[in-house]
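What's counted below: heavy atoms across the whole structure, side chains too, no hydrogens, waters or symmetry copies. Residue numbers run from 1 in the order of the sequence given. Everything numeric in this text was worked out from a predicted model, so none of it was measured.
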Amino acid sequence: MSWASWTTRGVYSGSGGVRTDEVGVLSGDLTVHTTWVDGTAEITVQYTGAADWFTMTGSPVQCPSEEASRALHEQVVQAVRDGSGATVPLPPLPEPEPEQ
């Protein structure tokens with residue numbers, strides 16, 4: 001089994017916050033967490049310092065590699081900063097193989 005995870009604390013959401021499946025929109029000082037396991041990335045958010053985590057709308061998503069999931073985490077953090085009811089963006093596409 002392959003897995004990786006990333007957490008970014010202190011992400012201030014833009015106007016309109018971030019959408020979650022459980023409680024609707026969260027806004028303010030948030031923590032973003034991405035867990036990647038065998039080709040699937042799950043993204044959750046919480047109010048920084050709180051105990052409860054919420055699934056960001058659009059999660060889980062298929063994500064082909066650990067590297068792609070790291071890039072996806074950074075895209076999610078930026079989407080939260082942008083606000084406007086942010087949801088999980090599509091993961092980055094794998095780089096095409098060079099022609100031989």
Please walk me through it: do Thr35 and His33 pass side chain to side chain donor-acceptor pair (under 3.5 Å)? CA-CA 7 Å; Thr35 302; His33 182 79; 2.9 Å; yes
Would you sort out whether Tyr12 and Arg81 count as a side-chain contact (heavy atoms from CB on, under 4.5 Å), showing the intermediate values? CA-CA 6 Å; Tyr12 288 88; Arg81 288 182 178 134; over 6 Å; no
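Atom CZ of residue Arg9 and atom OG1 of residue Thr48 lie 5.5 Å apart, to the nearest 0.5 angstrom. With rounding to the nearest 0.5 Å, the separation of OG in Ser69 from CD in Gln75 is 11.0 Å. Taken to the nearest 0.5 Å, the CD atom of Glu66 stands 9.5 Å off from the OG atom of Ser5. For the atom pair Phe54 CZ and Leu26 CG, the distance stands at 6.0 Å (nearest 0.5 Å). Interatomic distance, OG of Ser59 versus CG of Leu72, reported as 8.5 Å (0.5 Å rounding). Interatomic distance, NE2 of His73 versus OG1 of Thr8, reported as 2.5 Å (0.5 Å rounding).
Heavy-atom minimum distance, Thr31 versus Gly10: OG1-N, 4.3 Å. Residues Gln46 and Asp52 approach most closely at CB-O, 3.0 Å, considering heavy atoms. Between Pro89 and Val76, the shortest heavy-atom distance links the atoms CD-CG2, 3.7 Å. Shortest non-hydrogen contact noted between Pro60 and Thr40 is CB-CG2, 3.7 Å. A pairwise comparison of heavy atoms in Thr55 and Glu22 identifies N-OE1, 2.8 Å as the closest pair. The shortest non-hydrogen separation linking Ala86 to Ala79 is CB-O, 3.3 Å.
Partners of Ser27 under the side-chain hydrogen bond (donor to acceptor under 3.5 Å, both in side chains) rule, at least two apart in sequence or in another chain, do not exist in this structure.
Trp36 and Val61 are assigned to two separate hydrophobic clusters, defined by single-linkage of ILVMFWY side chains at heavy-atom distances under 4.5 Å. In this structure, Tyr47 is a member of the same hydrophobic cluster as Val77, with clusters built from ILVMFWY side-chain heavy atoms closer than 4.5 Å.
In this structure, Ile43 and Val32 have side chains that are in contact, with non-hydrogen atoms separated by less than 4.5 Å. Proximity of Thr20 to Val45: side-chain heavy atoms (C-beta onward) are separated by under 4.5 Å at one or more points.
By the 6.0 Å contact criterion, CH2 on Trp53 is enclosed, its count of non-hydrogen atoms from other residues, nucleotides or ligands being greater than 12.
Although no hydrogens or angles enter the test, the distance criterion places no donor-acceptor pair under 3.5 Å between the side chain of Trp3 and the main chain of Asp38.
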